[in-house]
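I have placed the structure first, in the form of structure tokens, so that the comments after it can refer back to it.
Protein chains get the first letters and strands the later ones, always in sequence-line order, with residue 1 at the start of each. Computed over heavy atoms, backbone and side chain alike; hydrogens, waters and symmetry mates excluded. Bear in mind the structure is a predicted one, so any value in this text is a computation, not a measurement.
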Amino acid sequence: MRLSSCLLLSQVALSACHVDEVIEPAPKSGSSTSASSSSSGGSGGGGAVVRTVSVRSPWGGPAQNLLADGDFELSISFDGHAGPNSWYAFDTMTDGSRYLRGETGGLCRTGLRCAVLEANMVLFGRGTGGPDGGGVDASAWAKPPTGKSCDVVSVSLLDCDQTVFSVKLKPTAATPDDSGWCSYAASIAKAPTKRCMYVDSNLGPGEVALFDSAVVVASPKPRMDVASSPLSGESAARASRLMRRVRDLTPLGGRAPLVPPAVP
Amino acid sequence: MRGVTAFVLAGVCLYSGAARAGEFDPLGGFSFAAGAAVTLDFESSQLPPPAEPLASEPKRKAAADALSGGWVLELGPYEEAAFGVALPAVLASYRVSVWIRGGEAVGSIATTYDGARRDEVATLFPTGRMTSDGWLELANEHVVIDGARGVAHVSVFAADACEVDAFELVVDGTATTAPGRACSGLAESAVCGVGEVCTWGACRRVSGWVPPIPSDREKVTDYLGNRIKFFFGPYQNRTVDLPAAEVAIEAMRNAHDPWSYWNGFLLALRRLHDSHTSSGWSPADYAVRNPNPIDVCFVEGDADWSQNSAPSVEGYRDVLVSHAGAMRTLGLRAGDRLVRVDGRHPIDWARSLIEVSWSLLPASNHSTFASLAASLRSLVSRYAHTIEVVRCDASGCGSIESIDITAAAMLAPQEDYQTGLCDSRPSRHVPGAPVDHHGEDDVFAGFLEGLPTEERLFGVEWDSLYTTTGQDGIGPALTEAVARITNEGATGVLLDHRRGTGGTLAGPQIIWDYAVERHPLTFFQTRVRAEDEQPSLASGKALFSAALAKFEVDEAGKNGAAPVPTALLITDDVSASDWLPLGMKGAPKVRIFGPYETSGAFSTRLTFGYWLGLNYTLASGDSFVADGRTLNGFGVPPDQVVMPKQSDLAQGKDTVYEAALAWLRSQKGDSP
């Protein structure tokens, strides 16, 4: 049996990123994986720059991230194969599962992997709760299509099991920064249950946005005071349905009815 | 940009000095390392042929933004490129690297010393080096290859479409010991060096299975340790096993070599002692074929015929030969006994392999070892030097005999041998079930063989419970088998699920709907907070009640179920195959037979995957029952404890089956 055939028998996944990457002089290769990011290229000599080179940690982080894999470093799998399940992708038209495509390398904000958010797709990222139900700071980054503003992507923090609690992460700017990325952030003073991330968009047909560097960390003093802006209407209803889908999709998901059975 | 690309195309070496790998100039142009032993940038349409030719040649395409030269290899989804490497005829240590772009891919380099069989494999992992135009470096370090004896070939397999460029082999150190030196089992691994493990009688470099130690090891160690601390869900296993796992995590901080570091993390996972929690697999598990397969399957049982020569060991059950194949059996047959492996009780010895064996899968409970017994065949082949056995026949047993596993005749390099399943079934009893135990994921059903037709006792033998809708996986076949019980007028049914590989709750539901009245079963909850401790019975009960009110409790069965007497046989199981007996336990016409409780794997999985080489899975939660208990770590006990007996096996009898058959016959009057 060829190795490739064997590999297909197993699940896969990929890499991601550190949030504390720094820019340093050109890296030398050949040693162990570098923790911090560094880049080179374009800083000297004549001629046009072909490319810049950077080194990033491929393992994900930060260590205290309450999301299972906020960097997507270990969350991308083969299309058509069950695999990593830190993140789920769903179709908003059918509520059915979709393949979560990954982007690689320097195109991502941090690390080696990030998610490709497509039109009519939502992402659901699994997480856990902070110590003693205290506050959390949440942040994430998205790279909208050229010419689109940051609000084309919507990021929310939910109770993993119900939409009774939800809060939207606010874009920190209306338009992307110089690198094309938008950041989103929110803080919660109390988070008594586990928190998951829900990502929606207004992308048009054929448009994609990159999504990366999602972080939820416990914070005794939440860094900003953000008024709760819960999901509502169809968004809340869809999120609720998809939470149940997540439950059903886990390898031993429940079989309980979506709605109470009719009383005879 | 194109101008500089052309500059690179000219192949000018811009880096001088003792480069250990290809480098980039200030403008981002790439050049191979000076003095690289092998470079390949696919400028030629002729690739060095691999040891195993591919069905189709890898496709090249011209690319102005190739990393090196003007051509790249182009791979579609699930496509592989493979090529041979012309090695210098010396023993050397290499850094091996290749660059990919545009999608997920995994690289590896395999070495063959006997001309046919892969002896060693090193996986190329992402180093973190990347470019703004999308190139990623995959590499591994200190890959020791003896070019005087062997040949190497490289494989790049694309999960998604991708481009490949700039393969390079650079000497990165001196190798003092040749790979593949002879050794005699894991217990004598001292002859092997750092990053080597004695496997199949040779020191094999397992360091190639893992990436280098991250230079930010403290951060990475914290992050990995927190994945376990934050997300591993089962309460009992956290209480009992998490402390030992945390010791392994702490040891990572002082590990001196990549194998010790990464195997330390995977050891932490194995120490969690849970059937859903696995430390993944290595490419070598698939790419390196077992040169010394043993086709003998073992079960735990009662060695009633050999207690005088080999008394049972306290704390462990006896280990017996369940069945054997046609060849490569060491002369063992059903009823023979495996007394010791390298001087230890077989299960004790197998448990000790937790330090090195990535595929070791324990039960979630802490007292049964069915899966280890079933794994002994491959574990002995891989890691043992000497085994001690007692041979028996229909008239009795002999004395203890020693067998040198490393002296067994290896397969010829081109030879292959397929072993049957170790399925905890000494014999098969349903029409169509393979007597040689080859084949799995099938459902075999029909009236039990060898019985008078008028008895009308129906049997179903199957392993998997995987179906997501009832219409996929095992669903249709299992549904049909269950329908036949009624349609064909069975008066009793024997469900042989002694090898239960799990699945989803939709799998056991097919059986439950036939056999039991609808009733609430479990409430599954993924872990809420890292610091959560085992809930009290009262709080667990309240949680279950609240979930019941919200229709979040999983239910088993169907109103109006009217089964014939049903015997369920269990031995080696996981997950949905735990839930199956849980849902049937206590039902009026059901009786469960087996040697001991089930695994107790009442969770689901949270799976992480890393570049096809370091995948791992954590049990993500725990299941509550109505009285407030959590179930993970506690199996479902059989209604009738039946241990396979050596005397039965030696005489061709299947103890557990015979007990179930006797009960079914005793229930004749209860049939509808």
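Scanning for side-chain contact (heavy atoms from CB on, under 4.5 Å) contacts around Glu218(B) gives Arg253(B), with sequence neighbours left out. Taking Cys162(B) as the reference, nothing meets the disulfide bond (SG atoms under 2.5 Å apart) condition, with sequence neighbours excluded.
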Query - side-chain contact (heavy atoms from CB on, under 4.5 Å) assessment of Tyr616(B) paired with Leu74(A) - result: CA-CA 10 Å; Tyr616(B) 68 97; Leu74(A) 292 91; 4.1 Å; yes
Report task. Report the C-alpha distance between Gln525(B) and Lys194(A) in whole Å, list the side-chain angles of each, state the deciding distance to 0.1 Å, and finish with yes or no for side-chain contact (heavy atoms from CB on, under 4.5 Å). Result -> CA-CA 11 Å; Gln525(B) 186 185 52; Lys194(A) 55 185 178 283; 4.3 Å; yes
Report task. Could you check Thr131(B) against Thr52(A) for side-chain contact (heavy atoms from CB on, under 4.5 Å), going step by step and ending with a plain yes or no? Result -> CA-CA 6 Å; Thr131(B) 71; Thr52(A) 57; over 6 Å; no
Requested in this report: For Gln64(A) and Phe230(B), run side-chain contact (heavy atoms from CB on, under 4.5 Å): C-alpha distance rounded to whole Å, both residues' side-chain angles, the deciding distance at 0.1 Å, then the answer.
Outcome: CA-CA 9 Å; Gln64(A) 299 299 323; Phe230(B) 291 174; 3.7 Å; yes
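Looking at every heavy atom in both residues, Pro58(A) comes nearest to Pro126(B) through CG-O, 4.0 Å. Heavy atoms only, all atoms of each residue included: Leu614(B) and Trp59(A) are closest at CD1-CH2, 4.1 Å. Nearest heavy atoms, Leu136(B) versus Thr104(A): CD1-CB, 3.7 Å. For Arg51(A) against Phe30(B), the heavy-atom pair with the smallest separation is NH1-N, 4.3 Å.
Here the side chains of Pro62(A) and Tyr223(B) are not in contact, with every heavy-atom distance at 4.5 Å or above. Residues Arg126(A) and Ser620(B) meet the side-chain proximity criterion, which asks for heavy atoms closer than 4.5 Å. Side-chain contact between Asp161(A) and Lys550(B) is absent, with no heavy atoms from C-beta onward closer than 4.5 Å.
In this structure, the side chain of Arg529(B) engages the main chain of Pro192(A) through a donor-acceptor pair within 3.5 Å. Arg129(B) places no side-chain N or O within 3.5 Å of a backbone atom of Val53(A) that could act as its donor or acceptor partner.
The distance from the CG atom of Asp532(B) to the OG1 atom of Thr128(A) is 7.5 Å, given to the nearest 0.5 Å.
Comparing Ser132(B), Gly225(B), Ser623(B) by heavy-atom pairs within less than 4.5 Å of chain A, the highest count is held by Ser132(B).
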